[in-house]
Amino acid sequence: MAVTQLLSCALLVIAVGAAAGFQEGLRGHQIWELPSSIPAALEDLLRDGLLDSLSHSKSHRKVHVPVEGLDNARRILKERDVEFKVLVDDLAEHFQGERRRRREVDTRAAESCTENSCPAPLSNAYMTFTQMEYYLREINTTYAPRVSVKSIGKSVEGRDIWMVHVRSGGCAQGKSVYLECGIHPREWIAPAVCLQIVSRLAVHCSVTRAFNVYIVPMANPDGYVYTWTTNRLWRKNRGNAGGQCVGVDLNRNWGFKFGVGASSNPCSEVYMGPSAFSEPETQALRDVMTSLSEAGNLELVIAVHSYGQMLLYPWGWTTEEAPDTPEMAALGEIFANTAHLRHNTVYTVTSSSSGLYFASGATDDWAKGVLNTKFVYTLELRDTGEFGFKLEKSQILPTTQEVWEGFKAMLLAITGQKYTLL
Ligand SMILES: [Zn+2]
C-alpha cells in the first residue's frame, strides 16, 4: 500500500511539475512593439539575437526579446530614441494563461486522431509530433504501394526525419517534386498544410500521374517538440554546437554561400552553425535531395515556411538574378493567381533577397546553386503578420485549400497543361 501511495504521489509530482514547466523556456521573455521602420543598425541587432521579429504591420512591428537581452535591448533603443511598448511582460505566463483559457472553451476532442491512431491529418487542430508519426505510419500501410514513408535520418535528439513518397501513376519517366516543411518549428502551419497535401495526393491519383512527389512534413522534429513543451517561439534545432546557447538555424546551415548574411553568434535566432551542414538534420535533407537530383528529373523544390504570404525564388544571398528567373517568376504567378481564386488570399511572387531579407545557407539557394533544380521556391504561408507564427487553427483548412489549388496548377503548368478550377 505504501508503495502504491508513494507511486501515485510521485506521479502527481511529475504531473504538477510538467504543468508548471509548460513554456518555461520563455520565462521572463517579453514581446515589445516598435515602430515599423527602424534604423539599419537595429536590423543588425535583430540579426544578432537581441530582438526577434515576430510580426509587423505598416506602422508597427512586434518583437520577441529574450530575457538575457532585455537590458541591452532597452539601453540600445533608448540611446537611439526609438520608442517601444511592452505588450507581454512574461511570455511563459502568457502561454500558460492561454492554455488554461483554451481548455475552458475547447474541451471537444480533435477530429480523427485517437490514442494510438490517426487515419487522417487534423484540419481543425495543430498536431503533435507523435500524432504526425501515427498518421505517417497509417498511410504507409493504407496507401501502399503507391505511398510509402521512410526515415531519411535522425535529429540531434534521435527522432526520425520522415519522408513520404507518392509515386507517379505509371509514368516511368515521371518528374520529381520535393517539399520540405517544418525546418523552422514555430511555423506550425507549414507541417499542418504539408500533411494535408500528403493526404490529398494519396487519394487524388490523377494529380501525380506524371510526378513522383516527395514530402518531408517535419524536417526539425526536436525543435517542433520543444515548441509544444517549452518555447512556442523556438526557431532553431536543438543542437549544441555553439556552446553557451542551444540551436542552429537549419535554414542558414546549408553549404552554398554559407555565412553571407547569417549570424555567427550562437545565441542568435539565425545562427548558421560552426560549419556548413554541421547538423544531422541538414545532412539528411541534403543527402536525400542529392540522390533525387542524381536520379534525374528533380524539377521543383518548395521549402514551406510561414509567415508573409509570399512565394520567393532564389537568390536569397544576393540581389543578382538566378538562372531560370523568368521561368520561376512565371510559374510562381501561376501558383499565386490560382491560390487567389480560392479565398482571395494574395501571395506575392518575388526573389528572396528583394522580398524578405538577405539570407544565405538556406535550402532554396542550395537547391538552385548546387543541384541546379529548375524551379525552386520558399513558400511563406499565411498570414501577413496579424497572428504571425501563432496562426489560428481555423486557418489550417483555408490555407491548405488555396495552396493545394496553387500547387496543382504548378504541376500542370510544368507538364504544359492549363489549369481550370473545378
Ligand atoms: Zn521559416
Side-chain angles (χ1 to χ4, degrees), residues 46-47 49 51-56 61-64 126 155 161 178-195 197 215-228 231-239 247-254 256 261-263 268-273 279 281-282 285 289 301-317 347-368 376-391 395-396 399 403:
L46 282 168
R47 218 180 53 199
L51 311 172
D52 170 28
S53 199
L54 292 180
S55 63
H56 54 262
R61 161 196 312 228
K62 283 183 202 160
V63 293
H64 158 217
Y126 290 106
S155 66
I161 299 165
Y178 173 85
L179 268 65
E180 172 212 272
C181 321
I183 205 168
H184 287 150
R186 64 189 180 184
E187 300 164 7
W188 282 10
I189 187 66
V193 165
C194 288
L195 286 168
I197 287 177
I215 300 185
V216 175
M218 178 37 67
N220 183 356
D222 296 350
Y224 189 69
V225 169
Y226 197 68
T227 62
W228 277 80
N231 182 341
R232 175 65 184 83
L233 299 176
W234 194 254
R235 171 183 166 96
K236 304 191 278 185
N237 77 344
R238 296 295 299 159
V248 168
D249 182 350
L250 298 177
N251 210 35
R252 299 290 181 276
N253 189 240
W254 293 71
F256 181 74
S263 177
S268 166
E269 288 293 339
V270 290
Y271 174 49
M272 62 193 184
E279 305 307 295
E281 293 90 352
T282 42
L285 298 166
M289 288 173 78
V301 167
I302 308 178
V304 185
H305 289 247
S306 79
Y307 56 93
Q309 292 171 204
M310 284 188 279
L311 188 65
L312 306 164
Y313 48 83
W315 304 116
W317 74 276
Y347 283 84
T348 308
V349 182
T350 183
S351 75
S352 291
S353 51
S354 57
L356 210 49
Y357 40 69
F358 280 107
S360 66
T363 309
D364 52 359
D365 276 11
W366 182 83
K368 191 62 174 168
V376 176
Y377 302 92
T378 291
L379 171 58
E380 299 282 356
L381 298 171
R382 292 189 187 191
D383 56 9
T384 54
E386 191 188 352
F387 295 96
F389 305 118
K390 288 181 63 209
L391 194 70
Q395 300 221 28
I396 296 173
T399 311
V403 171

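For clarity, every value in this text was computed on a predicted model and none was experimentally measured. Counting starts at 1 for both ligands and their atoms, in listed order.
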Measuring only between side-chain heavy atoms, which start at C-beta, is [X] closer than 4.5 Å to [Y]?
{"X": "F389", "Y": "Y307", "result": "yes"}
{"X": "I215", "Y": "C181", "result": "yes"}
{"X": "L285", "Y": "I183", "result": "yes"}

task: Can you see which heavy atom on G223 is nearest to which on W234, and at what distance?
output: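 That closest heavy-atom pairing would be CA-CD1, 4.0 Å.
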
Sole candidate of T227, D52, N231 that passes side chain to side chain donor-acceptor pair (under 3.5 Å) when paired with R186: D52

field: Ring center gap for W366 and W317 short of 6.0 angstrom
entry: no

- line: A correct count of protein N/O/S atoms found below 2.8 Å of the Zn ion (ligand 1) gives 4

